[in-house]
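This report concerns only the one structure given below.
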Amino acid sequence: MKTMEEEAVEIESLEKSLLEDNEEEAVLYAASFKEMEKNFIKYQTVQWILYSLLLILAWGIGLLMLLYIPIRRFIVRKDIGSRSLYLTPDAIVYKVTRPVPFPCFGMLRKEKHVLLHSVADVVVEQGYLQSLFGVYSLRIENVGVRRPPSDDVKILGVANPNDFKKAVMMRLSNIRNEIVSRQASTLEDSSHLMMSPRSMELLLMQKLEEVGSSVKQIQTFFERQQSQTREP
């Protein structure tokens, strides 16, 4: 038996393989991170300082974390500057490239594809500390079939997140309307096919009635002729 995590990995790889041939699809909406770069760096820095102070009181490790702040800010700046989030006709695509904790050892690249048919909702969230810096996060909820809630995609620092959510929900609505239209068209075609033999039967009966009526008229005509010849 496969675990839920293994099934989630298989689903993600399947989604990516389905989208490999559609990388050149039109971008319906592209989110922006640039406007929130300064606020995002401030938010991440304050959050790091708070964690550092707590760890100083606990084990003293926080002092090393405070010394690490310049490197941390450099990593956060590179992170937010490389992010891209956009909507295509079939999927939501998120890409980011960030340095490792020690930038001299290279970069980490992440690319996430979420097929729209697996999206249940897009949630805009903002915690207390985030609200102080005007930072929002987007959480893309999955339908829930064979996927744990932890597999939801969470993206922090999106500028105008409500606009991106509106674009996604409108596209989802259009997709669902197209599906309903196709289903209605299929049902209509099948109903026509089911009614076709009946229509032919009714048409045949109508023709038989017309022929029978014509035969009766001819029979009546001959009977009148015979009666007229007998009278003299």
Side-chain angles (χ1 to χ4, degrees), residues 12 15-16 19-20 22-52 65 68-142 147 149-175:
E12 183 175 348
E15 290 179 351
K16 191 170 182 179
L19 290 167
E20 282 180 351
N22 297 322
E23 291 184 352
E24 300 301 326
E25 280 188 314
V27 175
L28 301 181
Y29 186 90
S32 175
F33 295 88
K34 187 174 180 59
E35 295 87 342
M36 296 302 301
E37 182 174 339
K38 292 182 179 179
N39 289 350
F40 181 77
I41 294 173
K42 291 178 182 178
Y43 162 72
Q44 290 285 354
T45 303
V46 171
Q47 188 181 50
W48 186 265
I49 292 173
L50 292 176
Y51 290 154
S52 302
M65 293 179 63
Y68 184 77
I69 286 178
I71 300 176
R72 174 66 180 173
R73 287 175 61 86
F74 172 79
I75 293 174
V76 171
R77 182 177 291 106
K78 290 292 185 181
D79 182 352
I80 191 71
S82 69
R83 293 185 182 186
S84 62
L85 175 66
Y86 55 90
L87 173 68
T88 70
D90 299 318
I92 299 172
V93 182
Y94 174 59
K95 299 179 182 180
V96 61
T97 302
R98 65 167 64 94
V100 296
F102 294 96
C104 59
F105 290 106
M107 308 287 285
L108 293 176
R109 292 177 176 82
K110 179 180 180 181
E111 183 173 337
K112 182 73 175 179
H113 297 260
V114 182
L115 291 177
L116 287 176
H117 75 263
S118 67
V119 176
D121 194 9
V122 178
V123 181
V124 179
E125 299 175 326
Q126 188 181 52
Y128 173 74
L129 187 59
Q130 293 175 356
S131 65
L132 297 178
F133 297 93
V135 176
Y136 291 88
S137 62
L138 277 177
R139 182 161 51 85
I140 303 172
E141 293 184 345
N142 295 302
R147 280 191 159 184
S150 59
D151 197 48
D152 292 345
V153 180
K154 190 170 184 178
I155 305 166
L156 189 64
V158 181
N160 301 319
N162 289 307
D163 292 344
F164 184 79
K165 175 180 179 178
K166 183 179 179 180
V168 173
M169 302 311 292
M170 286 181 63
R171 179 58 188 162
L172 284 174
S173 177
N174 292 337
I175 290 175

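Only one option out of Val135, Val124, Leu156, Val123 pairs with Pro161 in a side chain to side chain contact (heavy atoms under 4.5 Å, CB included); it is Val124. A side chain to side chain contact (heavy atoms under 4.5 Å, CB included) with Tyr136 is found for exactly one of Gln126, Met36, Glu125, namely Gln126.
Judged as a side-chain hydrogen bond (donor to acceptor under 3.5 Å, both in side chains), and not counting sequence neighbours, Thr97 has no contacts. When the ring-ring contact (aromatic ring centres under 6.0 Å, His included) test is applied to Tyr68, the partners found at least two apart in sequence or on another chain are Trp48.
In terms of heavy atoms, Ala26 sits closest to Pro89 at O-CD, 3.1 Å. What you find for Ala30 and Tyr86 is that their closest heavy atoms are CA-CB, 3.9 Å. Minimum heavy-atom separation, Ser137 to Lys154: OG-CE, 3.8 Å. The two atoms that bring Asp79 and Arg98 nearest to each other are OD2-NE, 3.2 Å, heavy atoms only. Ala31 and Phe164 make their closest contact through CB-CD1, 3.9 Å (heavy atoms, listed as atom of the first residue, atom of the second, distance).
The shortest side-chain heavy-atom distance between Asp90 and His117 does not fall under the 4.5 Å cut-off. Ile155 is listed as a side-chain neighbour of Phe33, based on a closest heavy-atom distance under 4.5 Å. At least one side-chain heavy atom of Leu87 sits less than 4.5 Å from a side-chain heavy atom of Leu116. Counting heavy atoms from C-beta outward, Ile41 and Arg73 have side chains that approach closer than 4.5 Å. Leu85 has its side chain within reach of Leu138: a pair of non-hydrogen atoms, C-beta onward, lies under 4.5 Å apart.
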Item to complete: Show your reasoning for whether side chain to side chain contact (heavy atoms under 4.5 Å, CB included) applies to Arg83 and Tyr94.
Response: CA-CA 7 Å; Arg83 293 185 182 186; Tyr94 174 59; 3.4 Å; yes

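Between atom CD of residue Gln44 and atom CZ of residue Arg77 there is a gap of 12.5 Å, rounded to the nearest 0.5 Å. Ser84 OG to Glu111 CD: the interatomic distance, rounded to the nearest 0.5 Å, is 8.0 Å. The line from CG of Asn162 to CG of Asn160 is 8.5 Å long, rounded to the nearest 0.5 Å. Atom CD1 of Ile75 and atom CD1 of Ile80 lie 14.5 Å apart (nearest 0.5 Å).
When the shell of 6.0 Å around NZ of Lys78 is examined, it contains 12 or fewer heavy atoms from other residues, nucleotides or ligands. For Met169, the CE atom sits in a packed shell: over 12 heavy atoms of surrounding residues, nucleotides or ligands are nearer than 6.0 Å.
Using cut-offs of 30° and 60° on the angle between ring planes, the pair Phe105 and Phe102 is perpendicular.
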